[in-house]
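All values reported here derive from a predicted model rather than from experimental measurement. Every chain is numbered from 1 and lettered A, B, ... according to where its sequence line falls, protein lines coming before strand lines.
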Protein chains: 2
Amino acid sequence: MESKLQQNKKIEMFYQRSKEHGMKITPQRTAIYEELLKAKDHPTADDIYKRIVKKIPNISFDTVNRTLLTFSKIGITNVVEGYGQAKRYDPDMDIHHHFRCIHCGSIIDFHSSEFDNITVPDEISKQFTVISKKVVLEGLCSKCRKG
Amino acid sequence: MESKLQQNKKIEMFYQRSKEHGMKITPQRTAIYEELLKAKDHPTADDIYKRIVKKIPNISFDTVNRTLLTFSKIGITNVVEGYGQAKRYDPDMDIHHHFRCIHCGSIIDFHSSEFDNITVPDEISKQFTVISKKVVLEGLCSKCRKG
DNA sequence: AACTATATAGTAATTATTCTTAATTGTCAA
DNA sequence: TTGACAATTAAGAATAATTACTATATAGTT
């Protein structure tokens, strides 16, 4: 469970980044970001829209979708790797890794300093500029392996 | 460059898997699989369709799409992690890892026994059944880092 | 309070995927 | 080799996801 303090720190970061990029802080954007922070399930734009429309009934899906893309552009959320389905967003910007259930598709975050510190093969680091390293595990989650 | 022999082995595997799953070997399916094997670029269903329609002009996109999904279901291709764009297919079923260019979106395969052998944290292996482990690196490819 | 660049709602268009149907085809067993 | 049957196909249409457009509204600043 995340503390209220950490949440506030993230909101601060959100304000700061927005200003840095000359972006306006609008009620919609704030609501979208808060909804993202609350979400524990790597939601799609449509998920967020459905949750937020209860509070701001006349918000448009386009705003939500565009805003989420903007967020990931300025680095306050990540787009999570998926498999050709709708994009999934992840507000956790700390280094972390993913376990994905091949049956139900749910994605579980986990931390591992060993995985954080894997060393990139020379073959790759010579040719390319590596910005992020992430391990993706796949298999069956606890619910699905009972089936 | 892959040898003709290895290609034939893969075709054999394709026939075998198809029979195992009670699937028919049709000219369309064979052509789709051959096209996949030739591809070095993790193509989308649409890519494959565009290439194959030159040889089988009246094949439908639906057939290509459905066949690719079937292939990944019976384990003769993989769907590669992406970011909410079209699905991308990968005929290489050996263990390997991906580098993805965040600028142009191209995906480069690479091998690394270190990455193959990373050990899954207890936290995860206790709760879940891990079937595959993959490292996804992100950054700029050689072309894009000049921009 | 006014100005201005940016953001919004609403709508429309585009792209990707899946479904439905009737006709066709591969496979297997006689 | 042939016939029967179940699987597969093409084609069109439906659905889902994404992106684009524009007149209006708003945040942030003066």
Side-chain angles (χ1 to χ4, degrees), chain A residues 11 14-35 42-74 76-77 79-89 105, chain B residues 11 14-35 42-74 76-77 79-89 105:
Chain A
I11 304 268
F14 160 63
Y15 287 148
Q16 193 197 316
R17 285 286 172 89
S18 299
K19 287 198 174 175
E20 278 171 24
H21 289 81
M23 282 170 49
K24 293 176 181 174
I25 316 256
T26 65
Q28 291 92 335
R29 284 195 168 153
T30 308
I32 290 166
Y33 188 64
E34 283 173 352
E35 204 60 51
H42 306 86
T44 64
D46 193 56
D47 292 332
I48 294 287
Y49 171 71
K50 279 181 186 138
R51 291 169 203 176
I52 224 160
V53 83
K54 292 173 189 167
K55 296 175 192 166
I56 309 182
N58 66 330
I59 199 170
S60 73
F61 171 78
D62 186 53
T63 297
V64 175
N65 191 45
R66 198 166 15 74
T67 300
L68 289 168
L69 290 174
T70 307
F71 283 177
S72 49
K73 230 177 271 168
I74 66 169
I76 60 180
T77 57
V79 181
V80 164
E81 69 286 345
Y83 292 82
Q85 304 299 323
K87 289 186 184 70
R88 288 160 154 263
Y89 295 91
Chain B
I11 304 267
F14 160 63
Y15 287 146
Q16 193 197 314
R17 285 287 172 89
S18 298
K19 287 196 176 177
E20 278 171 21
H21 289 82
M23 282 171 48
K24 295 176 179 171
I25 316 257
T26 64
Q28 291 92 335
R29 283 195 172 153
T30 308
I32 290 166
Y33 188 64
E34 283 173 352
E35 203 60 52
H42 307 85
T44 64
D46 193 57
D47 292 333
I48 293 287
Y49 171 71
K50 279 181 185 139
R51 292 169 204 176
I52 225 160
V53 83
K54 293 172 189 167
K55 297 175 193 166
I56 309 181
N58 65 330
I59 198 170
S60 73
F61 170 77
D62 187 53
T63 296
V64 175
N65 191 45
R66 195 167 16 74
T67 301
L68 288 169
L69 290 173
T70 308
F71 284 178
S72 46
K73 232 178 268 171
I74 68 170
I76 61 181
T77 58
V79 182
V80 164
E81 67 285 341
Y83 292 82
Q85 303 299 320
K87 289 187 185 68
R88 287 158 156 268
Y89 296 90

Could you list the protein-to-nucleotides 11-14 of chain D atom pairs, N/O on both sides, closer than 3.5 Å?
residue : atom : partner : partner atom : Å
D/dA11  : N6   : B/D62   : OD2          : 3.3

Report each atom pair, protein N/O against N/O of nucleotides 28-30 of chain D, whose distance is under 3.5 angstrom.
residue : atom : partner : partner atom : Å
D/dG28  : OP1  : A/I25   : N            : 3.0

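Considering only side-chain N and O atoms, B/Q28 lies under 4.0 angstrom from the phosphate OP1 or OP2 of D/dA10. Dashed line: the shortest gap from a side-chain N or O of B/N65 to OP1 or OP2 of C/dA16 is not under 4.0 Å.
Residues A/M23 and A/K19 fail the side-chain proximity criterion, which asks for heavy atoms closer than 4.5 Å. Between A/P43 and A/R51 there is a side-chain heavy-atom pair separated by less than 4.5 Å. Taking 4.5 Å as the limit, every side-chain heavy atom of B/Y89 sits out of range of all side-chain heavy atoms of B/V80. The shortest side-chain heavy-atom distance between A/F14 and A/T30 falls under the 4.5 Å cut-off. In this structure the side chain of B/H21 never reaches within 4.5 angstrom of the side chain of B/K73, judged on heavy atoms.
Atom P of nucleotide C/dA16 and atom CG of B/L68 are separated by 14 Å, given to the nearest angstrom. Between the CZ atom of B/F14 and the P atom of C/dG26 there is a distance of 13 Å, rounded to whole Å. For the pair B/K87 NZ and C/dT18 C1', the interatomic distance rounds to 9 Å; values are reported in whole Å. In this entry the distance linking CZ of A/R29 with C1' of C/dA9 reads 14 Å, nearest Å. Distance A/D47 CG to D/dT18 P: 11 Å, rounded to the nearest Å. Residue A/Y49 contributes atom OH, which lies 14 Å from atom P of C/dT8 at whole-angstrom precision. Atom OH in B/Y15 sits about 10 Å away from atom P in C/dT27, given to the nearest Å. Regarding B/D46, its CG atom lies at a distance of 17 Å from the P atom of D/dT18, rounded to whole Å.
In this structure, B/R88 contributes its side chain and B/G82 its backbone to no donor-acceptor pair below 3.5 Å.
Using five terminal pairs a side, the axes of the helix from C/dA1-D/dT30 to C/dA30-D/dT1 at its two ends make an angle of 40°, given in steps of 10 degrees.
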* Asked: Can A/E35 and A/K55 be said to form a side-chain contact (heavy atoms from CB on, under 4.5 Å), step by step?
  -> CA-CA 11 Å; A/E35 204 60 51; A/K55 296 175 192 166; 3.0 Å; yes
* **Test side-chain contact (heavy atoms from CB on, under 4.5 Å) applied to A/I25 and A/R29, step by step** => CA-CA 6 Å; A/I25 316 256; A/R29 284 195 168 153; 5.9 Å; no
Please table the atom pairs, donor to acceptor, closer than 3.5 Å between any side-chain atom in residues 64-72 of chain B and protein atoms at least two apart or in another chain.
residue : atom : partner : partner atom : Å
B/T67   : OG1  : B/T63   : O            : 2.6
B/T70   : OG1  : B/R66   : O            : 2.8
B/S72   : OG   : B/L68   : O            : 3.2
B/S72   : OG   : B/L69   : O            : 3.0

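The 5' end of DNA chain D is approached more closely, in terms of each residue's nearest nucleotide, by B/G22 than by the other of B/I56 and B/G22.
To the nearest 0.5 Å, the span separating NE2 on B/H42 from CD on B/E81 amounts to 8.5 Å.
Note on A/P57: nothing from the nucleic acid sits closer than 4.0 angstrom, heavy atoms only. Residue contacts for A/L69: at a heavy-atom cut-off of 4.0 Å it reaches the sugar-phosphate backbone alone, with no base atom in range. Among the heavy atoms of the strands lying under 4.0 Å from A/F61 is at least one base atom, whether or not backbone atoms are also near.
Listed by chain and residue number, nothing satisfies the salt bridge (Lys or Arg N to Asp or Glu O under 4.0 Å) test with A/K24 (two or more places apart in sequence, or in another chain). For the side-chain contact (heavy atoms from CB on, under 4.5 Å) test, residues two or more places apart in sequence or in another chain that qualify with B/I11 are B/Y15, B/Y33, B/E34, B/L37.
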